[in-house]
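These notes are about the structure you will find just below.
Residues take their numbers from the sequence shown, with the count starting at 1.
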Amino acid sequence: MSNPTEDPTQAKTTPQTLNTLNEEDVRKMLKETREKILKRISDIENIFNMTIDELVSFKNFLGFLAIKYNSDNVKKFIQVIEQVIEYTTKVRQHWHEKVHGEVMRLIDIDQPIRGNSTITIRGKYASIIAHRRRNSIIVKILIKCIKGIRINVPPVLSEHVRNSIALGLLRTDGYIDKYGKPVMGTVYLWQIALWFLGFPGENYIGIKAIDVNDKDAKLVWSLRNYRRFQEPQLLDELIIYFAGLMGDGYIYLRKKDGNGTRLIVGLTGKYDKMVMWKEIVKKLGVKYYENNREELDVLEIAVSSSNAIQLLRMIYNEIINEPMLIDILSFFTQYNDGEKIRRFLKTLELKIKRSGEYSVLINGWRFTVSVVVTKNGYWLHLVLTRKKEEEAKMIAKWLKDQYGVDAKLRRRGRKYRVILNTTEVRKLVKDWEIKMQLVAVLCKKYTETSDDRKRQIIRKYIMEFATTKGVDVSCNSQF
């Protein structure tokens, strides 16, 4: 940290160079840094206001939980949040009175301190740090001359749940400092709440910086528990994994090569941190895969599709035994930064789609049934994906010879798709067995689709194929 009495414009006359960035790099980074800050600086006081409003709402919600669970410790937890609100209000005032004006002066300095891929502009109340990462820069405003606070957080969850949350966070976003104390940084209020739930006792909390991004700006919080960490014995693997997902883990839906989406749940980290996660997933009996990124010394452990849904449901079924935790998580889903919690709860509603459930079998090949509806029209396709072009061509030729249909071949990424459009499907369903399979899949899609227009299109295809002599449509009664 710089001398608190230094002249914030001193860098103009005494630049420090660390033998890396050239003049052109520095010029570009200064320009981009200035543009990012000017774009977002007017929003920062509003971000303080919004943060305080959300903390007040959380405090009020805890008041409801104190009554619901008749808990004195929750009442004490309310006092902790009141201290955080008071502290955040002081930092907002410090930003308004001291930091904002200095930042506006610092962005005009043209001789920053240079590092390997970083430039730094130091002032008395703030420093600006810009870091080059690939084709963009990350800008951070450090807030100086205001300290964080110490607070005493009461335990409100069961011991094994607290222990499991603590270990899960430490093995992802958090770490143990050189003094043996747990430490974590975050930009999310719900992660602060999760930290307090996992680490009761004496804690430090402070706003150390503001991240300035293209889309928004975020307060950067620093958290520290003053108890030396020793890995506890009383643990729950499912809750550990949950805390890891809420830390540096991810939950997302990815489009598949064929029709539909694929749920991916996983964790990425340095090899030494990933050992525990592999052991946990193995112990839970869930199928997973690994993705080694040796150049980054990083290992990814992920679970996908029905296995991912199974894992998330196992986690949820464990968490509901701690109803206060569910209540607190649900509260934070209403805020913009609660996207990961919303995704966790939303994916629990997904239906597990087994392989081949929406396909028809033709000569041992499973063609996915795809009904596409757009503003400009709709169509029915049968789609088969293969890794090798030669195999895709062979299948297309076989279909031509056997049924007289013209399949189209399309390359998608590294794979090849054999596609039968609506016209070719109408030729194909002259085969009674294929028709029966297709109508059964369309009936299933009809009953499970919530979009009214798409339901009508699916119904149209069902009625077209089902009116053929000899075809019994089991879903007719639902029309």
Side-chain angles (χ1 to χ4, degrees), residues 157-176 180 182-184 186 188 190-191 193-200 223 225 229-254 262-294 296-326 328-329 340-341 343-348 350 352:
L157 300 179
S158 304
E159 183 181 359
H160 75 286
V161 176
R162 300 196 306 265
N163 294 343
S164 303
I165 290 173
L167 187 58
L169 290 177
L170 282 180
R171 293 298 173 88
T172 49
D173 281 352
Y175 63 94
I176 304 296
V183 176
M184 188 177 81
T186 183
Y188 302 117
W190 61 265
Q191 277 194 337
L194 203 59
W195 176 272
F196 287 162
L197 294 175
F199 291 97
L223 300 164
N225 184 268
F229 184 78
Q230 293 182 334
E231 189 164 319
Q233 299 299 314
L234 193 60
L235 293 166
D236 186 313
E237 284 84 2
L238 285 166
I239 296 178
I240 294 171
Y241 200 90
F242 165 75
L245 290 177
M246 294 297 105
D248 203 27
Y250 56 84
I251 303 169
Y252 66 87
L253 289 167
R254 184 173 69 194
R262 185 184 190 192
L263 175 66
I264 310 290
V265 174
L267 293 154
T268 303
K270 297 292 185 181
Y271 280 86
D272 57 342
K273 276 195 171 186
M274 299 307 292
V275 173
M276 182 188 77
W277 299 116
K278 286 179 65 174
E279 292 175 352
I280 288 176
V281 176
K282 286 180 181 178
K283 189 172 182 179
L284 294 174
V286 178
K287 292 183 179 179
Y288 69 96
Y289 63 89
E290 297 181 23
N291 182 18
N292 294 300
R293 303 178 189 175
E294 295 180 1
L296 300 175
D297 189 30
V298 163
L299 175 67
E300 178 182 29
I301 296 175
V303 182
S304 66
S305 302
S306 60
N307 292 312
I309 299 175
Q310 176 191 357
L311 176 59
L312 293 181
R313 287 179 178 169
M314 288 167 63
I315 291 170
Y316 182 79
N317 289 337
E318 192 68 21
I319 291 175
I320 58 176
N321 294 319
E322 194 75 25
M324 190 183 299
L325 177 57
I326 288 290
I328 291 173
L329 291 172
K340 189 182 287 188
I341 304 174
R343 203 175 295 151
F344 167 70
L345 295 174
K346 185 67 176 177
T347 51
L348 296 170
L350 292 176
I352 299 178

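Under the 4.5 Å side-chain criterion, counting only non-hydrogen atoms from C-beta, F199 is not in contact with L223. Residues M314 and Q310 meet the side-chain proximity criterion, which asks for heavy atoms closer than 4.5 Å. Between I165 and L157, the closest side-chain pair of non-hydrogen atoms falls below 4.5 Å. Side chains of R171 and I240 form no contact here, defined as non-hydrogen atoms less than 4.5 Å apart.
Annotation: the span from Q191 atom CD to F196 atom CZ amounts to 12.5 Å, rounded to 0.5 Å. Taken from CE in M246 to CG in L194, the straight-line distance is 8.5 Å, to the nearest 0.5 Å. Expressed to the nearest 0.5 Å, how far CD1 of I319 lies from CE of M324 amounts to 15.0 Å. Taking CD of Q233 as the start and CD of E159 as the end, the distance is 11.0 Å to the nearest 0.5 Å. Residue L170 holds its CG atom at 9.0 Å from CE of M184, rounded to the nearest 0.5 Å. Rounded to the nearest 0.5 angstrom, L312 CG and L238 CG are separated by 10.5 Å.
The pair R162-E322 fails the salt-bridge criterion, with no side-chain N (NZ, NE, NH1 or NH2) lying under 4.0 Å from an Asp/Glu carboxylate O.
Formation of a donor-acceptor pair under 3.5 Å by the D173 side chain with backbone atoms of L169 is not found in this model. Checked by atom type and distance alone, the side chain of N225 never pairs as donor or acceptor with a backbone atom of P182 at under 3.5 Å. In this structure, the side chain of K282 does not engage the main chain of Y288 through any donor-acceptor pair within 3.5 Å. Of the possible polar contacts, none joining the K278 side chain to the E290 backbone as a donor-acceptor pair under 3.5 Å is found.
Of all heavy-atom pairs spanning N307 and K287, the tightest one is ND2-CB, 3.7 Å. For G168 against T172, the heavy-atom pair with the smallest separation is O-OG1, 2.9 Å. Between G198 and A166, the closest heavy-atom pair is O-CB, 3.5 Å. Y241 approaches L311 most closely through the heavy-atom pair CE2-CD2, 3.5 Å. When every heavy atom of A302 is checked against every heavy atom of I264, the shortest pair comes out as CB-CG2, 4.2 Å. Of all non-hydrogen atoms in I341 and L329, the two that sit nearest each other are CG2-O, 3.6 Å.
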Stepwise side-chain contact (heavy atoms from CB on, under 4.5 Å) check, V161 with D236
CA-CA 7 Å; V161 176; D236 186 313; over 6 Å; no
I'd like to know whether K340 forms a side-chain contact (heavy atoms from CB on, under 4.5 Å) with W190, so could you lay out the CA-CA distance, the side-chain angles of the two residues, the decisive distance to 0.1 Å, and finally the verdict.
CA-CA 10 Å; K340 189 182 287 188; W190 61 265; 4.2 Å; yes
What do the steps show when you test V183 against F229 for side-chain contact (heavy atoms from CB on, under 4.5 Å), and what is the final call?
CA-CA 10 Å; V183 176; F229 184 78; over 6 Å; no
With side-chain contact (heavy atoms from CB on, under 4.5 Å) as the test, would you mind laying out the steps for T347 and V265 before giving the verdict?
CA-CA 10 Å; T347 51; V265 174; over 6 Å; no
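Y316 and F344 have tilted rings, their planes meeting at an angle from 30° to 60° on a 0 to 90° scale.
Atom OH of Y188 sits in a sparse spot, with 12 or fewer heavy atoms from other residues, nucleotides or ligands closer than 6.0 Å. Around atom CD of Q230, no more than 12 heavy atoms belonging to other residues, nucleotides or ligands sit under 6.0 Å away.
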